[in-house]
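Side chains included, hydrogens not; waters and symmetry mates left out as well; all remaining heavy atoms used.
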Amino acid sequence: MVRVNKDFLKFIQDHFKLTNDNDEIELVSFKADKILMEQYKITRNVYLIKSGICKVYFEEENGKEYIL
């Protein structure tokens, strides 16, 4: 979505520049295979992926994965 919506990307980048002295927005890089969120676990973060790809899926009890 961010790649397609250039206005939204610009808004986030501009907001990051304005608020970089506090904890509102943080620019973070992750290594390959890093798990950002896990099924059934509460997360308090929102991630906007500026570049790269991620795999989003849910897993059934039998171990079968369904990519979203």
Side-chain angles (χ1 to χ4, degrees):
M1 179 190 139
V2 173
R3 289 184 195 176
V4 175
N5 192 335
K6 301 294 184 184
D7 293 334
F8 183 65
L9 177 59
K10 182 171 177 1
F11 170 79
I12 295 298
Q13 289 173 327
D14 291 346
H15 190 71
F16 176 74
K17 290 176 189 171
L18 292 173
T19 62
N20 61 5
D21 290 335
N22 62 39
D23 294 331
E24 261 186 61
I25 297 178
E26 182 179 0
L27 184 60
V28 180
S29 296
F30 296 101
K31 295 184 184 226
D33 296 328
K34 170 72 174 161
I35 296 175
L36 302 180
M37 296 179 187
E38 292 186 67
Q39 187 172 327
Y40 304 117
K41 291 192 178 179
I42 295 172
T43 184
R44 305 206 187 290
N45 301 313
V46 173
Y47 297 99
L48 297 174
I49 300 172
K50 185 176 175 183
S51 65
I53 60 171
C54 75
K55 178 181 174 183
V56 179
Y57 65 95
F58 66 91
E59 187 174 337
E60 288 193 340
E61 291 177 5
N62 63 6
K64 187 167 182 174
E65 295 178 355
Y66 290 92
I67 297 175
L68 303 176

Pairs of donor and acceptor atoms involving the side chains of residues 61-68, under 3.5 Å and at least two apart or interchain, shall be tabulated with distances.
| unit_1 | atom_1 | unit_2 | atom_2 | d |
| --- | --- | --- | --- | --- |
| Asn62 | OD1 | Lys64 | N | 2.9 |
| Glu65 | OE1 | Lys55 | NZ | 2.8 |

**Report entry** With sequence neighbours excluded, residues passing side-chain contact (heavy atoms from CB on, under 4.5 Å) with Val46
**Finding:** none
Report task. Please list, chain by chain and in numerical order, all residues satisfying ring-ring contact (aromatic ring centres under 6.0 Å, His included) with Phe30, sequence neighbours excluded. Result -> Tyr47
**Report entry** Remaining members of hydrophobic cluster (4.5 Å side-chain criterion), Tyr40
**Finding:** none
**Report entry** Residues that Thr43 engages under side-chain contact (heavy atoms from CB on, under 4.5 Å), provided they are two or more places apart
**Finding:** Met37, Asn45
Query raised in the report: Got a sec, which pairs hit salt bridge (charged side-chain N to carboxylate O under 4.0 Å, His left out) with one end in residues 32-47, sequence neighbours left out?
Result: Glu38-Lys41
Report summary line: To the nearest 0.5 Å, atom CD1 of Ile49 lies from atom SG of Cys54 at 3.5 Å
